[in-house]
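Structure first, then comments.
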Amino acid sequence: MFALVDCNNFYASCERVFHPSLLGKPIVVLSNNDGCVIARSNEAKALGVPMGAPAFEYAQLFKEKGIQVFSSNYELYGDMSSRVMSTLATFTPDIEVYSIDESFLKFNGFDVHFDLEAHALKMVQTVKQHTHIPVSIGLAPTKALAKVANKIAKKFPERTNSVYVIDTEEKRIKALKWTKIEDVWGIGRQHSKRLKALQIHTAYQFTQLHDDWVRKHMTVQGLRLKHDLQGVSSIDFETVQPKQSIAVTRSFETMYTAKADIAERVATFVASCGEKLRKQNSHANVVMVFLYSNFFRKDLPQHRGFITMKTPYPTNSTFELNRLVQEGLSKIYKSGISYKKAGVIVTDLTTAEAYQLGLFESENPKHVELLQTVDALNTRYGQVVKFANNDLKRRWKMKQMQLSKRHTTSWNELLEVS
DNA sequence: TCTGGGGTCCTAGGACCC
DNA sequence: TCTGGGGTCCTAGGACCC
């Protein structure tokens, strides 16, 4: 049996842990630069705030309805997430952390000795007690069915106590008939459009299609999903693996035209990419840079620059990566354009064990030691060492009008109780 | 004025090999 | 007029997830 544990309205719930007076009140959390709504409490959903709503279009509604607005505070959410996950890990040795707010848990052979539903109810309580984060749990013989069960638990919290189990054929069919096709895990906009055109409206109808049709139009991924929904476990349980690509991309708080401004921002992205690479002990073989004008400003000339470069040897040196990235930036930069977004992506990553020396060139060994020291200092003291090509005065600043405190990760921002 | 960020997997088709 | 067969590797792009 698999359990899918999902935190309810995770970012909104994190904010409420430290603002308990907001329990039962509508709140939303905004994306970087306070751009769009990326999390909503149930109350905010009920007031008609859609996912992804541009904040400026809804400012009036927030005010009228007394909806509390927060800027996103990833340091807080990341820390709360690891607290939830480590609590869950005490319930089973097999845990797949699927996203910041979701985990799959495997209970091999547990059903023989345990009442799994009672076990899950205990999990909900324990997570609540340890972190104050509300979670919902779906239990089923496959991952896709656990997702379905989770949706039911979340939709009917009173009747289910936030735990729902699909453990009989009757319950499986009933659940699938209840699930709309567009709500199925792995079926997005394109697939549900095509399926609806064929009068397939529920997950159950989807499972009645022929394997060949599903394989042809939805690849093997679609076929695995179908089998999973039929109760035959076909989607792998994945243990932690290093990332295959790492990206740092940002929209700018304002539009930039000068190359020097963009070069500085991009150098900062590279520094962050390098740090993430070294953290998971990987080296990049390919690095990409992109630079976009403001897509929403149809009145301005548009330009989308993108370039992919091979590194001369596998590297995680911020210096080497930046040399390439700045070279690439010169090739894609066009003057007279107002730029709104840029990013750096490293990919084709190799792990340290598979590290292959270049034939003619290799990493400057001094960089390795230097960067190790930089990382160690930054980990210990919190981003105290920066590269000279980064904006040391921090002229640019993300728009974050409603940022909450980093209560759990910064001594200076502890919650005060009076 | 204002519109997020970071990932994964799969396939078709071209380039290349013998 | 007419032009083999069987592979591998790589990449761009599409689809999806949170």
Side-chain angles (χ1 to χ4, degrees), chain A residues 4-11 28-39 50-60 62 69-74 77-78 81 96-104 143-144 147 150-151 181-195 214-225 234-236 238 240-255 269 272-273 276 280 285-286 288 290 292-300 306-310 338 340-349 398-401:
Chain A
L4 175 67
V5 184
D6 190 322
C7 301
N8 302 343
N9 316 319
F10 183 55
Y11 297 169
V28 297
V29 179
L30 305 181
S31 63
N32 278 350
N33 281 317
D34 292 347
C36 324
V37 172
I38 54 167
M51 185 65 171
F56 72 93
E57 281 178 15
Y58 282 79
Q60 188 65 28
F62 295 158
V69 178
F70 290 93
S71 303
S72 40
N73 184 345
Y74 287 104
Y77 311 151
S81 171
E96 172 189 343
V97 176
Y98 180 69
S99 73
I100 193 162
D101 71 333
E102 272 179 56
S103 268
F104 285 102
K143 286 169 75 174
K147 271 271 189 186
N150 180 276
K151 272 230 157 78
I181 191 67
E182 65 268 29
D183 293 337
V184 175
W185 183 44
I187 296 191
R189 281 244 291 283
Q190 302 306 315
H191 287 327
S192 63
K193 200 170 133 194
R194 162 176 253 148
L195 289 164
V214 177
R215 173 78 178 77
K216 182 166 173 217
H217 293 100
M218 301 173 67
T219 80
V220 295
Q221 291 181 108
L223 192 58
R224 286 202 272 259
L225 172 65
S234 309
I235 299 175
D236 287 343
E238 283 160 33
V240 209
Q241 278 160 27
K243 299 254 184 296
Q244 298 173 29
S245 69
I246 290 171
V248 178
T249 71
R250 288 290 178 280
S251 297
F252 307 142
E253 66 292 352
T254 168
M255 290 187 280
F269 301 163
S272 175
C273 264
K276 292 181 183 183
Q280 69 161 31
N285 291 284
V286 169
M288 304 184 265
F290 70 82
Y292 296 163
S293 56
N294 191 344
F295 176 82
F296 292 98
R297 293 290 300 271
K298 306 288 183 206
D299 54 320
L300 296 176
F306 185 83
I307 188 169
T308 302
M309 295 157 290
K310 268 199 153 33
S338 299
K340 183 64 180 167
K341 180 169 179 162
V344 174
I345 303 162
V346 290
T347 184
D348 195 359
L349 308 185
M398 225 192 313
K399 193 174 151 201
Q400 289 182 312
M401 303 290 278

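Just so you know, these numbers come straight off a predicted model, no measurement behind them. Order of the sequence lines fixes the chain letters, A, B, ..., with proteins taken first and strands second; residue numbering starts at 1 for each chain.
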> Looking for any heavy atom pair under 4.0 Å, which part of the strands does Lys340(A) touch: base, sugar-phosphate only, or nothing?
Replying inline: sugar-phosphate

> If you look at every strand shown and take non-hydrogen atoms under 4.0 Å, does Asp101(A) touch a base, only sugar-phosphate, or nothing?
Replying inline: sugar-phosphate

>> Categorize Ile187(A) for me: base, sugar-phosphate, or nothing, with a 4.0 angstrom heavy-atom threshold over every strand shown.
In response: sugar-phosphate

>> Just to be sure I understand the rule, does Lys243(A) reach a base, reach only the sugar-phosphate, or reach nothing, if contact means heavy atoms closer than 4.0 Å?
In response: sugar-phosphate

>> Restricting to ring pair (Phe, Tyr, Trp, His ring centres under 6.0 Å), what partner residues turn up for Phe306(A), sequence neighbours left out?
In response: none

> Along DNA chain B, 5' to 3', what are the outermost nucleotides having an atom less than 4.0 Å from a heavy atom of chain A?
Replying inline: dC2(B) to dT11(B)

> How would you label the contact of Glu57(A) with the nucleic acid (heavy atoms, under 4.0 Å): base, sugar-phosphate, or nothing?
Replying inline: nothing

> Hey, mind stepping through Tyr11(A) and Tyr74(A) against ring pair (Phe, Tyr, Trp, His ring centres under 6.0 Å) and telling me if it holds?
Replying inline: CA-CA 9 Å; Tyr11(A) 297 169; Tyr74(A) 287 104; 5.7 Å; yes

>> Could you work out, with side chain to side chain donor-acceptor pair (under 3.5 Å) as the rule, every residue matching Ser71(A), not counting sequence neighbours?
In response: Asp34(A)

>> Any heavy-atom pair between the side chains of Val37(A) and Pro50(A) that's under 4.5 Å?
In response: no

> Pairing of DNA chain B as dot-bracket, 5' to 3': ( ) intra-strand, [ ] crossing, | other strand, . unpaired, with Watson-Crick or G-U pairs under 3.5 Å?
Replying inline: ....||||||||||||||

> So what does Tyr98(A) hit on the nucleic acid, given a heavy-atom distance under 4.0 Å: a base, only sugar-phosphate, or nothing?
Replying inline: sugar-phosphate

>> Under 4.0 Å, counting only non-hydrogen atoms across every strand here, what does Val29(A) touch: a base, just sugar-phosphate, or nothing?
In response: nothing

>> Using modelled atom types and a 3.5 Å cut-off, is there a donor and acceptor pairing between side-chain atoms of Asn285(A) and backbone atoms of Asp348(A)?
In response: yes

> Taking the same atom, P, in dT3(B) and in dC18(C), what whole-Å distance lies between them?
Replying inline: 25 Å

>> Walk me through whether Phe295(A) and Lys341(A) qualify under side chain to side chain contact (heavy atoms under 4.5 Å, CB included).
In response: CA-CA 10 Å; Phe295(A) 176 82; Lys341(A) 180 169 179 162; over 6 Å; no

> With sugar-phosphate meaning primed atoms plus P, OP1 and OP2, does Ile246(A) contact a base, only sugar-phosphate, or nothing at under 4.0 Å between heavy atoms?
Replying inline: sugar-phosphate

>> Once you apply a heavy-atom cut-off of 4.0 Å, does Arg215(A) come out as touching a base, just sugar-phosphate, or nothing?
In response: sugar-phosphate

>> List the residues meeting side-chain contact (heavy atoms from CB on, under 4.5 Å) with Ala55(A), not counting sequence neighbours, and say none if there are none.
In response: Leu30(A)

> How do Ser251(A) and Arg297(A) order along DNA chain B: which one's closest nucleotide is nearer the 5' end?
Replying inline: Arg297(A)

>> Heavy atoms only, 4.0 Å cut-off, all strands: where does Lys193(A) land among base, sugar-phosphate and nothing?
In response: nothing

> When you match Asp34(A) and Pro242(A) each to their closest nucleotide on DNA chain B, which lands nearer the 5' end?
Replying inline: Asp34(A)

>> Tell me every residue that passes side-chain contact (heavy atoms from CB on, under 4.5 Å) with Glu102(A), counting only those two or more places apart in sequence or in another chain.
In response: Leu4(A), Asp6(A), Tyr98(A), Ser99(A), Lys147(A)

> side chain to side chain contact (heavy atoms under 4.5 Å, CB included) between Lys340(A) and Arg297(A): does it pass, once the steps are laid out?
Replying inline: CA-CA 10 Å; Lys340(A) 183 64 180 167; Arg297(A) 293 290 300 271; over 6 Å; no

